[in-house]
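Below is one structure, written out as structure tokens; the observations come after it.
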Amino acid sequence: MSRTEQELRQLYNSTHRMPTGAAKFAALEEVIRHADALGLVELAFDVRMSATRVYQHSWAPAKSFLTFSWCLAAYDREPERFDPGHERSLLWHFKWMVYNVHQFPEVPLQRARELLDDMERRYRRGGHSMHAVLQHRGLVAESIGELDQAQDFYERMALTRRDGLSDCSGCVPSSHVRTLVALGRDEEAIRVGEPAVRSGCTEQPQWINSELLLPLVRTGQGERAVEAHRTAYRRIRDNPHHLGELALNLLYCVHSGNVGRGLDLIERHLSWLDRARTPLAEMEFAAAAVAVLSRAREEEAGTVLRFPTVEGKRRPDARVADLAVELRERALAIAERFDARNGNTFQSARMRTWMATGPIGEPTPLSVFDRDLRSRSGERVHRLADRVAAQTAAGDLTGAARTRAATAEALLADERHAEAVEAAEEAVRELARLDLTADLAACRWLLARAYRADGQRQAAGRVLSELLDSGEWEQLAEGPAPLPPRPELEAALGDWLGYGPPAATRYLAAARGFAAAARQEEAMTALASALNRLPWAEQEPVAGLLAEILEATEAALGRAPGEAPAGSAPATAGLLFAYARRLRVTGRPAEAADRLRTARALLDEHAATDADAGADRNTDAGADRDTGAGSGRDTDTGVYADTERRRGAVLTELGAVLLDLGDPVAAEEAARAALALLDDPDDAWDELFVIAKALRARGADDELATFLADHGLTAEHLDD
């Protein structure tokens, strides 16, 4: 299917709101294909640059090699076609490419060196500092075992000025620490790395805290290492991008005498190896896991690991000894590929050292029950923690697991969210090992709520997904603490999942459940959320899912535009609005306009009713205060304000649709009506653009020029 340039730009803009994953990759690649076919070089360049950034910050950096190479070649062919900002972005992307190539043994070492030389030549030509060049030369040298060179590059870099192409104040110390740890300079590594712990970079503090774990343990700073591990893992746990940092945290579990914690992490994250970000990260995780498994084999030879279901697949249970053999072979096979590329045995020797590592110094407990709950807790929590210890000592593992869950519930009630998460995680692990199915289902729901309260939406969504999809929730439908009805759980899960097909699917399931229970208004709200969470791209599985949602929407609204739906005005208008936006994008603007007019009429009537009710309330109360009547707002309830926001959104969208239909006069009228409902001019961009485009469409050039000047816009803005 061919696409117009406008459609491609709309699709490209929609990718900015999509979560990283296969759907986003596919949407970007679709725009690239069509832009190439239409000869839209600048658009193809911009999308590839965006894709390079997306791939780099996901688990698929190998994809960035092709997009970066295309952009570099396009820039070199016609530099006059691009502005200085494009050149700067390319120079920044050079760092990513160098960082990536040394992590793939299939890329010849000579290629990495040529890339570094090209990077240096371009930086010098642009008058930029060699700070970033020296940093990345050092990283490559350290990765192939040339530690003397790595030290030289580190020391030269420390004396070189930083500039706008240098990494941030968090990432530069992180790479320094990696080199210093390899050189055995632990005290210096800790001192250099300290500033990055407080960095606001997206890669921090998980990267620097993970790199600091070994030097902190080796210098006897166990308490700081505990905090570094816990802080890092909270940022790592939901993103396979951080597989390499997770490997360092696995080694820390061995160093600190927490093999049980290490086994938990292996169970939870072994599936990440199936989409390892790079071979280097895959090798390091496998070797670190072997270190944990080897120590566990000495302590608990019969331990069996049970793995969660991930994306519909579940790895069979595995004995510790068997998994250790499998991962050892995997790590060494990759290490040998690196050795063949590098011309030495540095990586295989390093991995053998990792796999043979053991405890360093005295054990440092990580369990929340051994630490925080002892030092700072209320009487009830303290009593429960003491009971866990007594039950464990007496061999009552079932009682101890259930008391862990009770402790987590108490912590959640006390709004100690981070501790509630850790306590619930421990309870889930113990209940799973004891096969206490009903208790486990209840504790998973508790864990999901704790994650959500702690701001970990992704983790909360994952746990609730597993609970619903496994059927465990049915075990809690009856009993002393039943779950909410399934449609409410599906809607909550849709909210937790954020944006994308999984969230839309959950909202659709919620809508169907609400409809079956004759809860029509909630069904409409859920359908609107499903439409709003679905990406604008039409490729599978989005197209099929969209068709299902639209069918359910039409059934809820009634197929005739003027047919009165069953829900309240706000719920109905919300669904009409979401539906109209889809109709417009799919090339049905006339139908979209009909739906928006119906929504407008419903909200106008609702606003008038609210105004009358507000006047009655104020008269009855004999209030002499200012109720905001002049602005149409009820200062006590905010009802009018909420209605006005809905009315404004509907009017603005109607204006945009009317422009598509070639009626700029009506479009301008709708947008100006929307503008009149806004309190904050900073929120008026959409309305201003519709008005300006309507003025241009009807040829009111003088009025347009005045309007643009009054609102700080230019004619170029209207073509964005």
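Index from 1, following the sequence.
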query = Between Glu488 and Arg519, does a salt bridge (charged side-chain N to carboxylate O under 4.0 Å, His left out) hold up when you go through it step by step?
reply = CA-CA 11 Å; Glu488 295 179 20; Arg519 298 166 64 177; 3.0 Å; yes
Looking at side-chain heavy atoms only, is the closest gap between [X] and [Y] below 4.5 Å?
{"X": "His606", "Y": "Arg646", "result": "no"}
{"X": "Leu464", "Y": "Trp445", "result": "yes"}
{"X": "Leu11", "Y": "His34", "result": "no"}
{"X": "Gln458", "Y": "Trp496", "result": "no"}
{"X": "Gln206", "Y": "His242", "result": "yes"}
{"X": "Leu40", "Y": "Leu8", "result": "yes"}
{"X": "Leu557", "Y": "Arg595", "result": "yes"}
{"X": "Leu602", "Y": "Leu576", "result": "yes"}

Least distance between heavy atoms, [X] atom then [Y] atom:
{"X": "Ser58", "Y": "Phe25", "answer": "OG-CZ, 3.6 Å"}
{"X": "Leu545", "Y": "Pro501", "answer": "CD2-O, 3.6 Å"}
{"X": "Gly648", "Y": "Glu687", "answer": "O-OE2, 4.3 Å"}
{"X": "Arg48", "Y": "Thr67", "answer": "O-CB, 3.7 Å"}
{"X": "Leu659", "Y": "Val690", "answer": "CD1-O, 3.9 Å"}
{"X": "Leu90", "Y": "Cys71", "answer": "CD2-CB, 3.9 Å"}

request  = Classify the ring geometry between His93 and Phe68 as parallel (under 30°), tilted (30 to 60°) or perpendicular (over 60°).
outcome  = tilted
Using 0.5 Å steps for rounding, measure from the [atom1] atom of [X] to the [atom2] atom of [Y].
{"X": "Leu527", "Y": "Glu551", "atom1": "CG", "atom2": "CD", "answer": "11.5 Å"}
{"X": "Leu651", "Y": "Asp686", "atom1": "CG", "atom2": "CG", "answer": "13.0 Å"}
{"X": "Leu489", "Y": "Leu467", "atom1": "CG", "atom2": "CG", "answer": "7.5 Å"}
{"X": "Arg449", "Y": "Leu447", "atom1": "CZ", "atom2": "CG", "answer": "10.0 Å"}
{"X": "Leu575", "Y": "Glu521", "atom1": "CG", "atom2": "CD", "answer": "11.5 Å"}
{"X": "Leu658", "Y": "Glu669", "atom1": "CG", "atom2": "CD", "answer": "9.0 Å"}

Salt bridge [X]-[Y], side-chain N to carboxylate O under 4.0 Å:
{"X": "Asp36", "Y": "Arg33", "answer": "no"}
{"X": "Asp238", "Y": "Arg457", "answer": "no"}
{"X": "Arg234", "Y": "Asp454", "answer": "yes"}

message = Are His57 and Trp96 an aromatic pair, judged by ring center distance below 6.0 Å?
response = yes
query = Do Tyr75 and Phe45 have their ring centres less than 6.0 Å from each other?
reply = no
Is there a donor-acceptor pair closer than 3.5 Å between any side-chain N or O of [X] and the backbone N or O of [Y]?
{"X": "Lys24", "Y": "Thr15", "value": "yes"}
{"X": "Arg582", "Y": "Leu531", "value": "yes"}
{"X": "Thr553", "Y": "Ile549", "value": "yes"}
{"X": "His417", "Y": "Ala453", "value": "yes"}
{"X": "Thr572", "Y": "Ala569", "value": "no"}
{"X": "Arg533", "Y": "Gly498", "value": "yes"}
{"X": "Asp663", "Y": "Ala666", "value": "yes"}

Please tabulate, for the side chains in residues 506-518, all donor-acceptor contacts under 3.5 angstrom to protein atoms that are two or more places apart in sequence or on a different chain.
residue : atom : partner : partner atom : Å
Arg506  : NH1  : Asp469  : OD1          : 3.3
Arg506  : NH1  : Glu490  : OE1          : 3.1
Arg506  : NH2  : Asp469  : OD1          : 3.0
Arg506  : NH2  : Asp469  : OD2          : 3.0
Tyr507  : OH   : Asp495  : N            : 3.3
Arg512  : NH2  : Glu548  : OE1          : 3.0

For [X], side chain to side chain donor-acceptor pair (under 3.5 Å) partners two or more places apart:
{"X": "Glu5", "value": "Arg9"}
{"X": "Asp83", "value": "His86"}
{"X": "Arg237", "value": "Glu425, Tyr451"}
{"X": "Glu668", "value": "Arg672, Arg698"}

task = Find out whether the Lys NZ or Arg CZ of Arg277 is both under 6.0 angstrom from the six-membered ring centre of Trp59 and within 45° of the ring's axis.
result = no
key: salt bridge (Lys or Arg N to Asp or Glu O under 4.0 Å) partners for Arg584, two or more places apart   =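 Expected list: Glu653, Asp660.
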ask   = Does the side chain of Thr52 come under 3.5 Å of the side chain of Ser64 through a donor N or O and an acceptor N or O?
value = no
key: Greater than 12 external heavy atoms within 6.0 Å of Asp702's CG   =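 Atom CG in Asp702 is not crowded, with 12 or fewer foreign heavy atoms closer than 6.0 Å.
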